Structure formats: structure tokens, C-alpha cells
There are 2 protein chains.
Amino acid sequence: MQSETIENYLKTIYHLSGGNASVVGNKQLADKLNVIPATVTEAVKKLHELKLVVYEKSYGTRLTAAGSKIALTIVRRHRIWETYLAKELGFGWDEVHEIAEELEHIKNDKLIKKLSEKLGHPHFDPHGDPIPDEKGKIRKSNFIKLSEAKVNTSYKITGVTDHSPAFLKYLEKHQLIIGALLSIKNVEAFDNSLLLQCRKKEISVSSKAAECIIVEELPVQTAA
Amino acid sequence: MQSETIENYLKTIYHLSGGNASVVGNKQLADKLNVIPATVTEAVKKLHELKLVVYEKSYGTRLTAAGSKIALTIVRRHRIWETYLAKELGFGWDEVHEIAEELEHIKNDKLIKKLSEKLGHPHFDPHGDPIPDEKGKIRKSNFIKLSEAKVNTSYKITGVTDHSPAFLKYLEKHQLIIGALLSIKNVEAFDNSLLLQCRKKEISVSSKAAECIIVEELPVQTAA
DNA sequence: TTATTATTTTTGGCAGACCAAAAAAATAAA
DNA sequence: TTTATTTTTTTGGTCTGCCAAAAATAATAA
Ligand SMILES: [Mn+2]
Ligand SMILES: [Mn+2]
Ligand SMILES: [Mn+2]
Ligand SMILES: [Mn+2]
């Protein structure tokens, strides 16, 4: 079977290519995987041999169907574990990623099946990221970044794109957690910071933070 | 931190030395670890450098206090996971060992703590093996092998020493599972097979099987 | 378009974990 | 106590996954 290293390469290529099998560069991969570009060059050559990616010299790498399939099972394992750790074992959403980075490499289909079953086959992990099903299919949604949302419209937080403990703890402190309802009161012209209305309190968030928060527009409230 | 390989060596040395830090040979280790003796020679030299074992050339290897401590944390992780898989996720006792062989290498103390907590801090795994506590201490018991048990005495099955799916399935078929009560009716002289009385049925088990079943003598029934 | 910067590849090396075959040492049999 | 057998070690090699430094390419800026 494939090594942990291969799994991490495929998963990272998947993430960097934004799910749509577009080409990713060597440096990019090297940074995410904490290796030097020379190491990546060797690795992608090997993955090419294995027909898991198409690697074009001095240009870049993209997943093949076979590589994509493996990547999606790793992503599924990762997100199922994150959800399990949070929901069943009481870990915080800022803690689960690190542990899942290890657990995602446990090769046992039945195990993931049981975990998923116990969770009621969830479609989203604790960060709002979609969980691919057994076949690798992902529920697509029309979520947008908070930074792209309209003023004076109601939204629900559905996810985050930065999984760092620092950011997640920051959000938690301000109760900007998944499911929270909010609307944008005002966009500050000079730095694009947002003034949010959220459960009766006004909170100001930087444009950088707003880039990392995913929201869903809510249907307008019809008067009773 | 130490590699998976090192963890497996230490755990295997621990098991082969019967818990009491006695010396284990190279061939022995090689057989358990599915490598050739030459590989073991190299490995134990390195472990010696790391002060995790004392390796004496052409003689054998035994754990140091430091090595023993690591071995016990691996054994703890293994058995906690086995118990968790069986109790919380519904795996059969013949399935858990293989998965735990992988899970035991996940390095996260809090994870094991949570699992143990959820299980109510169990002292025995699904095979009846004792689970070391956080400090590595093991509850010692006065269990004996069924093959050493007396005729016409009541016993309870508390464990098995063979964890192979074949053996475990065989036991399950005859309901010789942990907790089952039995007594020995007769010992066949010529092959040492045992005739057991167990829940109203008589079952004959080979001496080989009896070697692998652990029992506890029950206090004699006082008349009501 | 040339010069500068960034990315990618090549080359040579290293550590961990393994094996095969041969030599040495220890054990068991005769 | 020799001889045979088993165990252990040595030696030379492989494979994976990594790095450092230098050379080649590509992309950007001037
Ligand atoms: Mn994650
Ligand atoms: Mn996630
Ligand atoms: Mn086991
Ligand atoms: Mn066990």
C-alpha cells in the first residue's frame, strides 16, 4: 500500500489545487509539506511513475483520477476523525486538526465506516469543511467568505478556512463559532475591517479575519 | 520522538521478556517482528546507544527502566484502543488487535486519557490482558492457565493468550468467552484434552487450546 | 530586451530500516 | 570432547525520504 508520505503529498496537492485538479507548483508544495523543493521534485517524479499525478517538468503537477481518489479518502478520514474527536471525545475545534493529521493514515475502511455511522454520517467537519462520502463525492454549497458578504444582510457562519489554534481560539472568544448568526453593520473604508452585529453585540473584525470566515446567506425574515 | 519501529521493538522485547526485564534473544525478536536476525542486531545496537535497552553481544537484550517505560505506554495505548474499539465501536474481539497495532503509535496523551475516561478507566482489555495505568503500573492477578486448573473446581474465564482471529472465533463459537463459568469434568490421560462443563453443555478442548485460556478460581458456593 | 529574481532541477550525500550471504560464536548432540 | 546445529554478527547492498549546493529554467522588473 501507499506510504504515509505519498498520502500526504496527494492530500496536499489536492488542497492546493482547490479540488479541481489544477496544476500546483513545486515551491508551493514544498512549503506546505515542510521540505525543500528538491525533495518535491523527486517525489512528484515518483508519483508520476505510479500514475497518481501528471507531472510536467518545470511546470507543475496535477492529480490523476487515481490520485484524486486516494486524496479524497485521506480527506474523508481526516474530517471524519476531526468530527469524531470533537463530537464524541470532547476535543475543542482548535485541537482536532493536529491529531487527525496522524489518525488519517490509519488504513482500515471498517473503522471509518463505524466512526461515520456513530456520528450519523455527517457532511461537515468541526471547521465547516465538507466530508467526502465513501465514493469521494462532496456536497457542494454556495457559501461565501465573510469578506465578500453584503452590508445589512443576515448570515450564518458555516466554516473557517484558517485552522490554526490561534485563530480558532480568537473566534471562540468572540463567539464567532459555527452556526452563529450575524449581519454586517458597516465596512470601514480605509482598512476594510467589518463591524458585525452578532447576538446583540457589535464586534469589529479585520479584513484578514473576514477572509477566513465562511458564511451562508439566510433567507429574509418574513414578517409574522 | 521515537519512531514506530523503535516502539515496536521495545514493545516486543517487553512481551518476550515476560514483563520482568529478562533477556531476549535475537532470533526470537526477529521472528516476532518479521525481520531477519541481522536486522535485529543492528536495531538493538542502536537501542543500546539510546539507552533504551542493555544489549550484550552474542548474548541478548533487556529493557532499561527508560525502555520499559516507553514499552508500557505502547502496551497501554494498544490495550486502551482494543477496548475502545470493542466497547464503543462494536468491533469483535478478533478484529481489534490488528487495528490497535496501528493506533498504538498515535502520539497524543490527551487522546488516550479521553478514551480511557470514556471507558471508565478499564483495567483489562477484550482479551483479558491488563491495561497499565498512566504510570505504567499493572494490576497483578492470580490467574492461571486452564491447562493448570484442577478437576471439579469452578472457574471463570478471564483472558486468552492467543489473539489470533482463528482461535478467538473458535472460542466464540463455543461460547468460551470472557466471563464464562466452567468446571473441568475430566482430563483425558493420553492427550491431556479437557472435558469441560460450561452452561449445561459438555465441551472438549485440546490441551493446546487449554494452554491459551486464562481462568480464575471461583470461591466455593456456600449453600443457601 | 536585458538584467534581476524566483523557481525548478541536478548532483552528491546521509540516515533509517531492511535483506542476502558469509563468517563467527554459542549450544546441543553424539 | 569432537561434531553438528542453531544463533548471532559482519559485510556489502537496496530503497525511501530527506537535505545542501550548484546549475538550469522560467518569470518579472527594469
Ligand atoms: Mn484539519
Ligand atoms: Mn477541518
Ligand atoms: Mn492486541
Ligand atoms: Mn489484547
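Here is how names work: the chains are called A, B, and so on, in the same order as the sequence lines, proteins then strands, and each is numbered from 1. Hydrogens, waters and symmetry mates play no part in the numbers below; they use all other heavy atoms, side chains included. What you are looking at is a predicted structure, and each value in this text was computed from that prediction instead of being measured.
Atom-to-atom, CD of Glu56(A) to P of dT8(C) comes out at 13 Å; the value is rounded to the nearest Å. Atom CD of Glu4(B) and atom P of dT16(D) are 18 Å apart (whole Å). The distance between atom CD of Glu49(A) and atom P of dT16(D), rounded to the nearest whole Å, is 11 Å. In this structure, CD of Gln2(A) is placed 20 Å from P of dC15(D), rounded to the nearest angstrom. The NZ atom of Lys46(A) sits 7 Å away from the C1' atom of dG17(D) (whole-angstrom rounding). Going from atom CG of Asn8(A) over to atom C1' of dG17(D) covers 12 Å, rounded to whole Å. Whole-Å rounding puts the Tyr9(B) OH to dA17(C) P distance at 9 Å. Distance OH (Tyr59(B)) to P (dA24(C)): 25 Å, rounded to an integer number of Å.
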Would you tabulate the nitrogen or oxygen pairs shorter than 3.5 Å linking the protein to nucleotides 10-12 of chain D?
unit_1	atom_1	unit_2	atom_2	d
dT10(D)	OP1	Lys57(B)	NZ	3.1
dT10(D)	OP2	Lys45(B)	NZ	2.7

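Using modelled atom types and a 3.5 Å distance limit, the side chains of Asp129(A) and His163(A) yield a donor-acceptor pair. No side-chain donor from either of His127(B) and His97(B) sits under 3.5 Å from a side-chain acceptor of the other.
Phe91(A) carries Lys114(B) over the face of its six-membered ring, with the cationic atom under 6.0 Å from the centre and within 45° of the normal.
Nucleic acid contact for Thr39(A): base, since at least one base atom lies under 4.0 Å from a heavy atom of the residue. Across all strands, Asp31(B) comes closer than 4.0 Å to no nucleic acid atom at all (heavy-atom distances). Ser58(A) comes within 4.0 angstrom of the backbone, heavy atoms only, and of no base.
Each of Val40(B) and Ala43(A) was assigned the nucleotide of DNA chain D with the nearest heavy atom; the assignment lying further toward the 5' end belongs to Val40(B).
Not one N or O on the side chain of Tyr155(B) forms a donor-acceptor pair closer than 3.5 Å with the backbone of Ile214(B).
Pro130(A) approaches Arg79(A) most closely through the heavy-atom pair O-NH1, 2.7 Å.
Each of Glu7(B), Lys11(B), Gln2(B) was checked for a side-chain hydrogen bond (donor to acceptor under 3.5 Å, both in side chains) with His105(B), and the lone residue meeting it is Glu7(B).
Nearest to the side chain of Thr5(B), among dT9(D), dT7(D), dA17(C), sits dA17(C). Nearest to the side-chain atoms of Val35(A) among the listed nucleotides dA26(C), dT8(C), dC19(D) stands dC19(D).
Within 6.0 Å of the CG atom in Asp109(B), the count of heavy atoms belonging to other residues, nucleotides or ligands does not exceed 12.
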